[in-house]
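The structure appears right after this line, and notes come after that.
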Amino acid sequence: MSGLITRRGLLTGISALGVGAALTACGAKTGGDTSKAAGAQADTSGDTVKVGLLNSLSGTMAISEVTVHNALLLAVKEINAAGGVLGKKLRPVSQDGASDWPTFAEKAQALITDSKVVATFGCWTSASRKAVKPVFERNKSLLFYPVQYEGLEQSPYIFYSGATTNQQIVPALDYLKKQGLTRLYLVGSDYVFPRTANRIIKTYAKANGMEVLGEDYAPLGSTEFATIVNKVKGAGADAVFNTLNGDSNVAFFKEYKSAGLTAKKLPVLSVSIAEEEVKSIGTQYLEGQLTAWNYYQTTPGAANEKFVAAYRAAYGKDKPTSDPMEAAYISVHLWKAMVEKAGSFDVEKVKAASDGIEFDAPEGKVTVDGATQHVHKTARIGRITASGLIEEVWNSGGPIKPDPYLKGYDWAADL
Amino acid sequence: MTVILNQSFTGVSIGAVLLLIALGLTLTFGQMGVINMAHGEFIMAGAYTTYVLQKPIGDAGLSLLVALPTAFLVAGAMGALLEWLLIRRLYTRPLDTLLVTWGVSLMLQQLARDVFGAPNVQTTAPDLLTGSVTVAGVNLANSRLFILGFALLCVCGLAMVLRATPLGRRIRAVVQNRDLAEVSGIATGRVDRTTFFIGSGLAGMAGVALTLIGPIGPTTGTNYIVDAFLVVVVGGIGRLRGAVITAFVLGLLQSVLEYSTTVSVAKVVVLVGIVAFLQWRPQGLYTVRTRSLV
């Protein structure tokens, strides 16, 4: 009897799977057909145009990406209040990438083909960006990517408004070298950004008289750091270079403190911990540790005061602003300026108009480099204070020209 | 030498976490034969209990102490409810319990997402547990010592209940021979529910302990459920002693491999080792040979 039921259940299951597969195949096919003309999917016929927001609203990356999503919504709201773009109001369409790279690719396709967005803003991890890159290229649709990353990439359909390595990691290494902290230990999450960043760090170290004593990777979302911290402690390093992403940082710094390590004894320089993460990891674990970014909530200037005030008004007095949020916020404004210069939403025309576009950003003036589709940005090193904010201890004095392939650096020749 | 001792302590502390999360499962999966995929969500429920209690109580130490029994009751009640609603109808079909409880686990994760929000949250550890003590050059993190002590306390408690109390005798009787237990006047249904209550409650307390290590999220339990099943299966299903030994051996193995290779390689090697071990001893480390169960 039970055998019969199982068999019947199995048959139902198999036929359901078959139908599902057939439907998926149809979907894929339609997607392919509509992607022939440049930006053909974008619907600009009405009074409003849709813009896609693609962030992890759940999962291990949500701790960081929800804030980026908020900043994107704030920029959209500001632009709408000022009359929209080319006389059309923006309608944000949010999709949840759920910290899962295949989901990101699926949702990107859905934004382009189903929602017919004119441009998409979002992604955080390089893994998610790599997953959606072919989708945007195939459909000739634009993605604005707002987070610092490992460089060595240039897609004709992606604009990068966060830092590339020569605007964050290289200045951070220069800073450590100047402080005499030359023996490094590398800790990172096990995926593309930390591995590539560490490859660059090791090449830099070799050419600049620094030493890398060890490198360790933990799976994204991992919470077990006892061994890694033991290794770090025993290595005799001067500083730790931390490329952990998401809330693994919580477990790492808890363990770090339990092991009796402090910012004084063995400083950690992090490139993925900003004000929002500091708040949720807990200042007691982070006070005195270093970060490298292009923007801090404490960055002086009228544009930043306005940005911080607007963000607080929208999301609450106790909500901090951070570098990726700022890069997301400016990406929408930069896109608006490009569209207005081009006089059209057409992707190719927007790209052609991008070079030299300027915006008075909270981090200071930023300029789009049309050749690389990156942005000129000022590098800043900061120290985490007891209040949970980050105070700047060094900056590059002015915007640095983006160099994603590190062509301007002799030591990076064989990367 | 210090390195070896340090790593041994790390291994023992990983083992303690494994033991805590597998303990409840030894009871529900091992003794009752229910493949409870929602076990991880009971762990999550315990972790969120700590989070919820911390706000009104304020003091981190006190809230941890209050959270332990509360999490036991909360997760235990969820387990008893699950048993009463669904599992008691499926005792003759163990594979179906896998599907049903997996469905429940997905629903509970979504519920957590709706109630607490999708981003993970953190609790504050009491000051006493954030530091560490150094013994003979070995750095012992207080939070790890606490988890180790607590895991051992739970094992002893569970062993006592099973060996020395009337409830323990009834549980063992039902597991050995349900029909005979029934005609001897034991209310087997009630015993089942109590067993499930205790097993799930232990998961809840494990969740409280996990808040000392990392962040809490809707998928907190999922991260640990595979490890928990491994411990129970390798230990020999239903054997408390097997689970204890397995948990510590796996913890030590993991920490030694992590130190000499990388985290990912260590995970792979441990899994391959387990597969090889189960080829050699499919019944696990310990098996039920006599009529006594514990």
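Below, chains carry the letters A, B, ... as their sequence lines are ordered, and counting in each starts from 1. The figures that follow rest on heavy atoms only: side chains count, while hydrogens, waters and symmetry mates do not.
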Problem - Structural part of A:F252 lying under 4.5 Å from a heavy atom of chain B - result: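 Contact with chain B: none, neither part.
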Please look at A:E65 and chain B and tell me whether the side chain, the backbone, both or neither of the residue comes under 4.5 angstrom of a heavy atom of that chain.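 A:E65 has no heavy atom closer than 4.5 Å to chain B.
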Atom group of [X] that falls short of 4.5 Å from chain A, counting heavy atoms:
X	value
B:R93	neither
B:T124	side chain
B:L210	neither
B:N6	both

Nearest 0.5 Å please: distance from the CZ atom of A:F225 over to the OG1 atom of B:T10.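 Rounded to the nearest 0.5 Å, the CZ-OG1 separation comes out at 13.5 Å.
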Going by the side chain to side chain contact (heavy atoms under 4.5 Å, CB included) test, name the single residue among A:I228, A:D190, A:T227 that passes it with B:V263.
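Considering A:I228, A:D190, A:T227, a side chain to side chain contact (heavy atoms under 4.5 Å, CB included) with B:V263 is found only for A:I228.
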Check [X] against [Y] and note the closest heavy-atom contact, atom names and distance.
X	Y	answer
B:T261	A:D216	O-OD1, 4.4 Å
A:I281	B:Q122	N-OE1, 4.4 Å
B:E258	A:K231	O-NZ, 3.0 Å
A:T223	B:Y224	OG1-OH, 3.2 Å
B:G214	A:K254	O-NZ, 4.3 Å

Contact between A:S258 and B:S143 at the side-chain level, heavy atoms closer than 4.5 Å - yes or no?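 Yes, side chains in contact.
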>> I need the residue from A:L57, A:N230, A:V229 with the largest number of non-hydrogen atom pairs under 4.5 Å to chain B.
In response: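 The option with the most such pairs is A:N230.
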Requested in this report: Select, from A:K257, A:K233, A:E255, A:E215, the one with the greatest count of heavy-atom pairs under 4.5 Å involving chain B.
Outcome: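 So the answer, after comparing A:K257, A:K233, A:E255, A:E215, is A:E255.
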| Choice from B:G217, B:P215, B:A141 maximising heavy atom contacts with chain A below 4.5 Å |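 The option with the most such pairs is B:P215.
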- prompt: With a 4.0 Å cut-off, would you call B:K267 and A:E224 a salt bridge?
  reply: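 Result for this pair is no, no salt bridge flagged.
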Practice item. Report, as yes or no, whether the 6.0 Å neighbourhood of atom CG on B:L128 holds more than 12 heavy atoms from other residues, nucleotides or ligands. Key: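 Result for CG/B:L128: open.
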Can you tell me if CG on B:D127 sees more than 12 non-hydrogen neighbours from other groups inside 6.0 Å?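 No.
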